[in-house]
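In what follows, every chain begins at residue 1, and chains take the letters A, B, ... in the order their sequences are listed. FYI, side chains are in, hydrogens and waters are out, and symmetry mates aren't considered; it's all heavy atoms of this structure.
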Amino acid sequence: MPELPEVESFKRYMDKTSLNKTIKSVEVKNPEILQKVDKHDLKNKLEEHQFQYTRRHGKYLFAYLDNDYWLVLHFGMTGKLIYFKDSDQSPLYDRILIGFKDKTFLAFDDPRKFGKISLVNKMDVFIKEKKLGPDAWEIGLKSFKNLFKSRKGAIKTVLMNQHILAGVGNIYSDEILFQACIHPKTPVNKLKNKKIEDVYTIMKEVLKTALDRNMANQKLPESFLIPNRVENGKCPNSDTKLETIKISGRTAYYCPECQKEPI
DNA sequence: CGTGGCTCCTGGCGGC
DNA sequence: TGCCGCCAGGAGCCAC
């Protein structure tokens, strides 16, 4: 579930809590979430070093170390970061626990273990290897329009495809399409230029609102789809019962009244 | 190129 | 009450 706004929140959380202090211990409790690095190597590369700054691309968080390595975090569906001061406060599903010399801790907590952690030399090489598309927050309108050229898949699938656009997942793609009044199955080649511009503007607004609300610990406005994205939920505009369909194996919620199917 | 199906994982919930 | 089975979904893989 962590999509771009959540990962950006984790980034700011890490910036606030975990930079510029020496790592004392690294406890890998579930080595199966490590990718292309084993736990001894991870331990060796982190201990006695410091995180200097972080970056984010799509749903990935990168933390730069003073030895020129990057710790790469992907939160899967249930992953999050938890910073705490007393060792008996460690969360229930901490897969990796980083202890700092100042006796504080940063845990990668992830009940479902869909998260992934790697250690890489170069961030851009990692992004290339993963074939990630441009970041949904950074992308400009021109490049965004280009994503839709010579494609014909369903718009929801395109928005969620990390190889095309990085950062948007199932939940926020539903929100964006709801606000743009587009049926999630609409083939992208059927969208007019103006409509694609709308999607772009709405995408930016939705991501910004979600981030602001996350940072302030506030819920999304009731006028959004997401708070109503539950069984028997109703459209905040038309009061119609929301419908669900499977698209690319994901459950899409949409309003059959506001988001008409393309003819 | 596109889509659909399966897999990984486990807490939570509906149904019997 | 207790247990079975399904669902949630990010991403990778494979078949067509």
Side-chain angles (χ1 to χ4, degrees), chain A residues 1-11 28-37 56-62 72-82 91-96 107-118 120 126-137 146-178 183-191 203 207 210 214 225-233 242-254 261-262:
Chain A
M1 248 186 300
E3 301 181 29
L4 191 151
E6 289 72 40
V7 178
E8 182 64 29
S9 308
F10 297 151
K11 176 189 190 299
V28 179
K29 301 188 178 182
N30 295 83
E32 63 268 31
I33 70 162
L34 299 181
Q35 279 200 321
K36 292 185 179 178
V37 62
R56 183 194 54 74
H57 188 101
K59 301 173 190 171
Y60 287 88
L61 177 56
F62 300 81
V72 188
L73 305 175
H74 189 283
F75 298 91
M77 183 186 154
T78 53
K80 57 181 171 300
L81 293 177
I82 298 175
L92 207 48
Y93 305 102
D94 53 338
R95 307 307 182 185
I96 288 182
F108 183 85
D109 188 73
D110 183 18
R112 278 174 218 186
K113 293 198 276 188
F114 277 4
K116 291 277 175 270
I117 291 184
S118 350
V120 301
F126 178 88
I127 290 169
K128 264 195 194 121
E129 279 177 2
K130 289 282 177 191
K131 299 186 169 66
L132 295 180
D135 181 75
W137 183 249
N146 278 332
L147 301 180
F148 294 83
K149 291 217 174 102
S150 70
R151 284 183 201 282
K152 40 187 175 182
I155 175 123
K156 181 171 170 73
T157 310
V158 172
L159 290 178
M160 285 195 305
N161 186 338
Q162 302 301 299
H163 299 139
I164 299 172
L165 178 72
V168 175
N170 195 33
I171 306 286
Y172 289 108
S173 61
D174 275 358
E175 185 66 50
I176 293 162
L177 294 174
F178 169 72
H183 190 283
K185 278 204 166 153
T186 310
V188 289
N189 58 347
K190 288 208 171 179
L191 292 170
M203 176 179 82
L207 296 176
N214 277 348
L225 174 83
I226 293 171
N228 304 284
R229 200 184 174 283
V230 291
E231 213 178 327
N232 296 318
L242 297 175
E243 288 186 4
T244 61
I245 36 167
K246 287 274 180 194
I247 300 180
S248 300
R250 303 281 166 269
T251 305
Y253 281 73
Y254 70 103
E261 240 178 293

>> Assuming nearest nucleotide by heavy-atom distance, tell me which of A:Pro111 and A:Lys152 is located more 5' along DNA chain B.
In response: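 Closer to the 5' end of DNA chain B: A:Lys152.
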> For A:Glu231 and A:Tyr93, take the nucleotide of DNA chain B holding the closest heavy atom to each; which residue's nucleotide lies nearer the 5' end?
Replying inline: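 Its nucleotide being nearer the 5' end, the pick is A:Tyr93.
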> Between A:Val168 and A:Arg112, who's closer to the 5' end of DNA chain C by nearest nucleotide?
Replying inline: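 Comparing both residues, the 5'-ward one is A:Arg112.
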> Given that A:Tyr60 and A:Thr251 both sit by DNA chain C, which one's nearest nucleotide is further toward the 5' end?
Replying inline: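 Closest to the 5' end, via its nearest nucleotide, is A:Thr251.
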> Checking A:His183 side chain against A:Leu177 main chain: does a donor-acceptor pair fall under 3.5 Å?
Replying inline: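 Checking the backbone N and O of A:Leu177 against the side chain of A:His183, no donor-acceptor pair under 3.5 Å is found.
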> How is A:Lys116 classified with respect to the nucleic acid when contacts are heavy atoms under 4.0 Å: base, sugar-phosphate, or nothing?
Replying inline: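 Touches nothing.
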>> Any base atoms under 4.0 Å from A:Lys131, or only sugar-phosphate, or nothing? Heavy atoms, all strands.
In response: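 Nothing, no heavy atom under 4.0 Å.
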Could you tell me how far apart [X] ([atom1]) and [N] ([atom2]) are, to the nearest whole angstrom?
| X | N | atom1 | atom2 | answer |
| --- | --- | --- | --- | --- |
| A:Arg95 | B:dC8 | CZ | P | 16 Å |
| A:Asn189 | B:dC1 | CG | C1' | 12 Å |
| A:Phe114 | B:dC6 | CZ | P | 16 Å |
| A:Arg250 | B:dC6 | CZ | P | 14 Å |
| A:Glu32 | B:dC9 | CD | P | 8 Å |
| A:His163 | B:dC1 | NE2 | C1' | 14 Å |
| A:Asn161 | B:dG4 | CG | P | 14 Å |
| A:His74 | B:dC9 | NE2 | P | 17 Å |

>> Which label fits A:Phe126 and A:Tyr60: parallel for a plane angle under 30°, tilted from 30 to 60°, or perpendicular past 60°?
In response: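 Geometry flag for A:Tyr60 against A:Phe126: perpendicular rings.
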>> A:Tyr93: which residues meet the side-chain contact (heavy atoms from CB on, under 4.5 Å) condition with it, sequence neighbours left out?
In response: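 In terms of side-chain contact (heavy atoms from CB on, under 4.5 Å), with neighbours along the sequence ignored, A:Tyr93 is linked to A:Arg95, A:Asp109, A:Pro111.
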>> Please find the pair of heavy atoms, one from A:Pro2 and one from A:Met77, that lie closest to each other, and give the distance.
In response: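 For A:Pro2 versus A:Met77, the nearest heavy atoms are CD-O, 3.1 Å.
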>> Ignoring hydrogens, what is the shortest heavy-atom contact between A:Ile247 and A:Lys185? Give both atom names and the distance.
In response: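 Heavy atoms of A:Ile247 and A:Lys185 come nearest at CD1-CG, 3.6 Å.
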> Do A:Arg229 and A:Asn170 touch side chain to side chain, with heavy atoms closer than 4.5 Å?
Replying inline: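 The answer is yes; the side chains approach within 4.5 Å.
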>> Going by the rule side chain to side chain donor-acceptor pair (under 3.5 Å), which residues pair with A:Glu6 if we only count those two or more places apart in sequence or in a different chain?
In response: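 By the side chain to side chain donor-acceptor pair (under 3.5 Å) rule, A:Glu6 matches A:Tyr172, A:Asn214.
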>> What range of DNA chain C does chain A touch, first nucleotide to last, counting atoms under 4.0 Å from its heavy atoms?
In response: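 Taking any atom under 4.0 Å from a heavy atom of chain A, the span is C:dA8 to C:dG12.
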